[in-house]
Structures are given as structure tokens and as C-alpha cells.
Amino acid sequence: DVKVTQSSRYLVKRTGEKVFLECVQDMDHENMFWYRQDPGLGLRLIYFSYDVKMKEKGDIPEGYSVSREKKERFSLILESASTNQTSMYLCASSSVNRLAKNIQYFGAGTRLSVL
Amino acid sequence: AQSVTQPDIHITVSEGASLELRCNYSYGATPYLFWYVQSPGQGLQLLLKYFSGDTLVQGIKGFEAEFKRSQSSFNLRKPSVHWSDAAEYFCAVGRSGGSNYKLTFGKGTLLTVNP
């Protein structure tokens with residue numbers, strides 16, 4: 001089974017702190033994604049990575065950056081956390097294999113509160 | 001650009017009753033279509049998927065969905081709902097072929113099951 005692990009289930013941070021959210025997948029997937037989930041807004045893509053050191057902005061990249069130094073690990077960085085970044089953050093991965101057909105596998109999520 | 005609409009924000013059914021969750025998509029070609037389920041505080045789990053061929057697809061937990069190209073719909077059904085089906089359900093569309101691996105998600109339908 002594919003396993004996508006997010007390092008923290010819950011995080012509480014203060015405004016202005018630098019925050020790192022970590023995600024690791026064990027299936028050698030090329031693609032990794034960070035989403036933000038808010039009530040009534042569904043999932044919104046923050047950033048996408050299709051290879052080591054490669055990234056692409058999603059729909060709401062402002063206030064976030066990402067890092068992918070190793071294939072299995074994709075980090076989301078809040079350079080200076082703000083209260084409007086309080087949310088649930090979901091990481092996902094997928095394979096570029098044509099047979100995989102874009103299926104994304106999700107971690108359990110990190111619920112971040114910024115005070 | 002592709003888009004997904006889930007018209008029902010919240011649905012309440014009685015245990016044992018049948019269920020249909022609606023999903024309409026906008027996409028220029030034959031899409032890849034998915035239904036994911038999210039239990040409270042958890043990540044998303046893939047319920048079922050449609051890529052091509054038979055338009056009625058079976059998934060886990062007794063769910064099925066039917067692809068109707070003429071209506072641009074991919075509705076999720078279950079003949080008899082169990083209390084454990086209470087969760088949020090997300091429909092998603094992806095691009096078939098090419099190198100765009102992103103999925104577009106609907107805003108979700110929250111299912112409440114009454115005893």
C-alpha cells in the first residue's frame with residue numbers, strides 16, 4: 001500500500017514564525033502536492049512538484065514556498081505565518097506511470113493553528 | 001480549464017436508505033474522474049475511479065458511480081447507507097494523457113447519516 005506520512009497531525013504556531021510542514025511518501029512517486037483545505041472551499045492546490053528540485057505554483061501559492069531535495073520528501077514552508085494560514089494542510093503523491101492515471105494518494109493531514 | 005461542481009453542500013439520509021451524490025464536471029475531452037472520501041480529521045481515501053470503458057464503475061465500501069458523458073456527470077451511489085458512511089465526499093477530475101498530473105476537486109458534500 002502507498003503510504004504518505006505527514007510529520008505532524010496538529011501544530012500550533014505564533015504569528016510571524018517560520019513553519020515547516022513535512023511530507024514523506026514511500027512509493028517512489030515522481031509527483032507530490034500540497035493542498036490547503038478550508039470549510040466550504042474544498043481543496044486548493046498550493047504547490048506541485050514533478051521531480052527533485054522542480055516545483056510549480058498552484059492556485060494559491062502566496063505566502064508559501066516548498067522544497068524538494070529528495071524524491072520521497074516534500075516540504076511546505078510558511079516564511080512568516082499569519083492567522084489567515086490557519087487551516088488543514090494535505091499532502092499527496094502520484095506516479096507518472098501511464099497506468100497510474102493521475103491517482104493521488106493522501107496523507108492524514110496537518111491541522112495548523114496560527115495564533 | 002477543468003472544473004467540478006458538487007451541487008449539494010450537505011445531505012442527510014437515514015441509515016439503510018439509498019444515496020446519490022451529484023458531481024458535474026467541465027472538461028474538453030474524456031476526463032479521468034474520481035471520488036474520494038474523507039472521514040473526520042483524516043486525509044482523503046480513493047473510493048473509485050473512471051478512466052474509460054464501462055461507464056458504471058464499482059468502488060470500495062459498496063459504492064458505485066456512473067459516468068454520463070451527455071450530462072457531464074459522475075454521480076456516486078450506494079443502495080443502502082451505513083452509519084459509518086458519514087463523511088465528506090469529494091469528486092475530482094483529471095486530464096487523460098499528457099503530462100498534466102493535477103486534479104481539480106469539487107468543494108465536497110458532507111453526508112450525515114441518521115440512525
Side-chain angles (χ1 to χ4, degrees), chain A residues 1-10 21 23-25 29-51 54-61 88-112, chain B residues 1-10 21-25 27 29-53 57 59-60 67 74 87-110:
Chain A
D1 274 356
V2 176
K3 195 164 173 79
V4 178
T5 303
Q6 294 183 232
S7 55
S8 304
R9 293 298 307 275
Y10 301 95
L21 302 183
C23 176
V24 176
Q25 50 94 2
H29 284 170
E30 294 80 6
N31 301 323
M32 296 188 75
F33 307 81
W34 274 108
Y35 293 91
R36 172 176 171 159
Q37 183 181 16
D38 300 288
L41 298 180
L43 275 71
R44 294 180 290 167
L45 181 65
I46 304 171
Y47 267 99
F48 159 52
S49 169
Y50 51 91
D51 202 348
M54 306 304 289
K55 63 187 179 185
E56 189 175 305
K57 290 181 181 178
D59 301 316
I60 52 164
M88 171 75 117
Y89 291 88
L90 293 167
C91 175
S93 72
S94 72
S95 171
V96 301
N97 185 315
R98 284 199 323 149
L99 296 177
K101 299 190 191 301
N102 297 359
I103 297 173
Q104 290 187 15
Y105 298 88
F106 284 81
T110 296
R111 186 165 295 283
L112 173 67
Chain B
Q2 57 206 44
S3 65
V4 178
T5 302
Q6 293 180 245
D8 304 304
I9 297 172
H10 188 190
L21 302 183
R22 295 183 291 162
C23 172
N24 293 97
Y25 68 90
Y27 185 66
T30 300
Y32 291 159
L33 293 162
F34 308 86
W35 275 100
Y36 284 87
V37 60
Q38 184 181 35
S39 298
Q42 301 298 315
L44 275 66
Q45 179 185 18
L46 181 67
L47 269 181
L48 48 76
K49 56 199 181 288
Y50 171 80
F51 300 136
S52 64
V57 293
I60 62 171
F67 171 58
F74 188 57
E88 191 157 22
Y89 293 79
F90 292 92
C91 181
V93 61
R95 179 176 169 176
S96 57
S99 58
N100 185 339
Y101 302 103
K102 290 185 260 191
L103 298 182
T104 299
F105 288 83
K107 290 182 166 46
T109 298
L110 181 64

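Letters A, B, ... are given to chains in the order of the sequence lines, protein chains preceding strands, and every chain is numbered from 1.
- Neither the backbone nor the side chain of Ile9(B) has a heavy atom closer than 4.5 Å to any heavy atom of chain A.
- Between Phe48(A) and Lys102(B), the shortest heavy-atom distance links the atoms CD2-CG, 4.3 Å.
- With respect to chain B, the highest number of heavy-atom pairs below 4.5 Å among Met88(A), Gln37(A), Arg111(A) belongs to Gln37(A).
- In this structure the side chain of Tyr27(B) never reaches within 4.5 angstrom of the side chain of Thr104(B), judged on heavy atoms.
- Judged by distance alone, the side chain of Trp34(A) and the main-chain N or O of Cys23(A) form no donor-acceptor pair under 3.5 Å.
- If you measure heavy-atom distances from Gln6(A) to chain B, you find no contacts under 4.5 Å at all.
- Residues Gln104(A) and Phe34(B) are not in side-chain contact: their nearest non-hydrogen atoms beyond the backbone lie 4.5 Å or more apart.
- Counting heavy-atom pairs closer than 4.5 Å to chain B, the top residue among Leu45(A), Asn31(A), Val4(A) is Asn31(A).
- If you measure heavy-atom distances from Gln45(B) to chain A, you find no contacts under 4.5 Å at all.
- The backbone N or O of Val96(A) lies less than 3.5 Å from a partner atom in the side chain of Glu30(A), making a donor-acceptor pair.
- Tyr89(B) OH to Asp8(B) CG: the interatomic distance, rounded to the nearest 0.5 Å, is 14.0 Å.
- Between chain B and the options Leu90(A), Asp59(A), Leu41(A), Leu43(A), the largest number of non-hydrogen pairs under 4.5 Å is found for Leu43(A).
- The most heavy-atom pairs under 4.5 Å with chain B, out of Gly109(A), Ala108(A), Ser94(A), come from Ala108(A).
- Phe105(B) and Tyr36(B) have tilted rings, their planes meeting at an angle from 30° to 60° on a 0 to 90° scale.
- At a 4.5 Å heavy-atom cutoff, the contact between Arg9(A) and chain B is made by side-chain atoms alone.
- Within the 4.5 angstrom heavy-atom criterion, only side-chain atoms of Glu88(B), from C-beta onward, approach chain A.
- In this structure, the portion of Tyr35(A) lying under 4.5 Å from any heavy atom of chain B is its side chain and not its backbone.
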